[in-house]
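See structure below.
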Amino acid sequence: MKSTHYPAFLDEARLWSIIAQESAPEPARIRDVLAKARQGGGLGLEEAAALLAPMPEDCLEELYATALTLKEQVYGKRMVLFAPLYVSNLCANRCAYCAFSADNTDLTRKSLTPEEIAAEVRIIEKMGHKRIMAVYGEHPDWGAEAVAESIRTIYSVTSPPSGEIRRVNVNAAPLDSAGFALLKQAGIGTYQCFQETYHRGTYETIHLGGAKKDYDWRLFAMHRAQEGGLDDVGLGVLFGLFDHRFEVLALLRHAETLEDLYGAGPHTVSFPRIEPAQNSLLSRNPPNAISDPVFKRIIAVVRLALPYTGMIITSREKPALKRELLRLGISQLSAASRTSPGGYAEAVADKPEAQQFQMSDERGLGEIIGELQKDGYLPSFCTSCYRKGRTGEHFMGFARNAFIHNFCEPNALTTYYEYLSDYADEGIFKAGAECIREKIDALPDEAARRSMLGLIKRIDEGERDLCV
Ligand code: SAM
Ligand code: SF4
């Protein structure tokens, strides 16, 4: 099915005009925008543009403080964790920034068999993960049916003591709506697809060949997903390819159009920044490299503009910066990642010759959890929303009324306690159980405290997967 029947929603001239008009906002304008953001209703494109412009240090501090306040209002202290699972690095496309490009003849190519997928899943489960992001190159071997089958394989694997994957998200090439319907039937959580750059001219010059050259096919992927009944979608930009102000406004416009048409914006937004990739000159010298301060600004502005959207950061970023980004709006983290097919089962397979890009965070899950806990976060393995039907329009309904607080925090407490009971060493268990006790004591009413203590007792007695 061609995507031409959808109405155009990106007007490049309009985005440039907004950027020009908001290029030097007065501090009073910035403070007005921040005051509006604090109300939690999101921001328009003009307001977001004003926050992306140069501003005095005190305004910047206020912007960062507002992002943190808003994030904690919506999500509390919980931080969702997941593991990527690279299923195949076969790719027929020629993206100039990616090691999986068909042009890269030095890459060790591999597609996992069902048995190899199962082996990877068992290792991921043994770490304590409950949520996987499955990743695929674009290749005729990995059409909708094959991706759906791999999702089913992932769900079918269980391992002691309580290993099971409860949510499989997918990052794969765009499909037609019938293909998306197949993924939905297989139980997909979020379908994620990054536009890479919303700037059509740049898109065309860096996508050198293959189906991905078709900008519009990708741009309307989420429209087709919705048509196929898949209402839980994740957007993203590969930062470093083009002007970040243009990209952020285009991303927000994309979110806005999905909300207008389907009643729900993106469930998540991801923030990949180009990392060095094998045989990719462009990845080593990105045309619009994004500095850490600019990256921080982007994350804070998106948090204010889309207060109810999950924001994801991966092992592409270094631990120290990640820590700062958590305070600016990030709500989901990949942890203990491998970025090559088979990289969990065989550490040696996870070498540059097979990886998608070089990682900047090589820590194990226990270490990441220890640090999150020390910083006052509540690690969460929750997968409740899509299993309870809180997706798309329904999810937005809950979030808008700040109900998310009533789900996220209790589910983070139970899933984290499960993790501690089944997978943590003694030190982490003790500190984690103490932290859970404090969070329960701090709950505002007696009924909520009693109910949480009841759930913890049931976990102690051996029950699992207690979510609301
Ligand atoms: N092949 C599918 C596609 O292109 O949509 C999905 C898999 S692809 C490996 C997932 C994402 O990796 C891409 O959308 C791109 O944003 C990101 N990526 C590619 N090369 C990268 C690099 N050098 N550094 C960081 N992220 C990269
Ligand atoms: Fe293939 Fe995706 Fe990498 Fe492009 S970004 S080369 S489509 S895996």
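Counting starts at 1 for both ligands and their atoms, following the listed order. Only heavy atoms go into these numbers, but all of them, side chains included; no hydrogens, no water, no symmetry mates.
Near C95, the atoms of ligand 2 lying under 4.0 angstrom from a non-hydrogen atom of the residue are 4 (Fe), 5 (S), 6 (S), 7 (S). Numbered from 1 in the order shown, with element, the atoms of ligand 2 that lie under 4.0 Å from a heavy atom of F100 read 3 (Fe), 6 (S), 8 (S). Using a 4.0 Å cut-off to heavy atoms of K212, the atoms of ligand 1 that qualify are 3 (C), 4 (O). Listed by atom number, the atoms of ligand 2 under 4.0 Å from G137 heavy atoms are 8 (S). Residue contact check: E196 has heavy atoms under 4.0 Å from atoms 13 (C), 14 (O), 15 (C), 16 (O) of ligand 1. Against a heavy-atom cut-off of under 4.0 Å, S101 is close to the following atoms of ligand 2: 6 (S). Listed by number with element, the atoms of ligand 1 under 4.0 Å from a non-hydrogen atom of C98 are 19 (C), 20 (N). Close contacts of ligand 1 with V135, meaning ligand atoms under 4.0 Å from a residue heavy atom, involve 7 (C), 9 (C). Interface atoms of ligand 1 facing R273, defined by a heavy-atom separation under 4.0 Å, are 24 (N), 25 (C). Set against the non-hydrogen atoms of K212, the atoms of ligand 2 under 4.0 Å away are 2 (Fe), 4 (Fe), 5 (S), 7 (S). Set against the non-hydrogen atoms of Y136, the atoms of ligand 1 under 4.0 Å away are 1 (N), 2 (C), 6 (C), 7 (C). Close approach to A277 involves these atoms of ligand 1, each under 4.0 Å from a residue heavy atom: 23 (N).
With salt bridges taken as basic N to acidic carboxylate O contacts below 4.0 Å, none links E125 and R122.
Note: F9 CZ to L219 CG = 3.5 Å, rounded to the nearest 0.5 Å.
The ring-ring contact (aromatic ring centres under 6.0 Å, His included) contacts involving residues 109-141 comprise Y136-W142, where partners must be two or more places apart or lie in separate chains.
Across the listed options C98, A173, S280, C98 owns the non-hydrogen atom lying nearest to atom 3 (Fe) of ligand 2.
With S331 contributing its side chain and M311 its backbone, the two residues share a donor-acceptor pair below 3.5 Å. For the pair R224 (side chain) and A178 (backbone), a donor-acceptor distance under 3.5 Å is absent. Judged purely by atom type and a 3.5 angstrom limit, R109 uses its side chain to pair as donor or acceptor with the backbone of F100.
For atom 4 (Fe) of ligand 2, the N/O/S atoms of C91 include none lying under 2.8 Å.
In L238, the part holding a heavy atom less than 4.0 Å from any atom of ligand 1 is the side chain.
By the side chain to side chain donor-acceptor pair (under 3.5 Å) test, T153 pairs with no residue at all, sequence neighbours left out.
Ring pair Y6/F220 is parallel by interplanar angle, where below 30° counts as parallel and above 60° as perpendicular. Ring pair F381/Y419 is parallel by interplanar angle, where below 30° counts as parallel and above 60° as perpendicular.
Here's the thing with R218: one of its N/O atoms is less than 3.5 angstrom from an N/O atom of ligand 1.
Counting only N and O atoms by type, the side chains of H199 and Y215 include no donor and acceptor under 3.5 Å apart.
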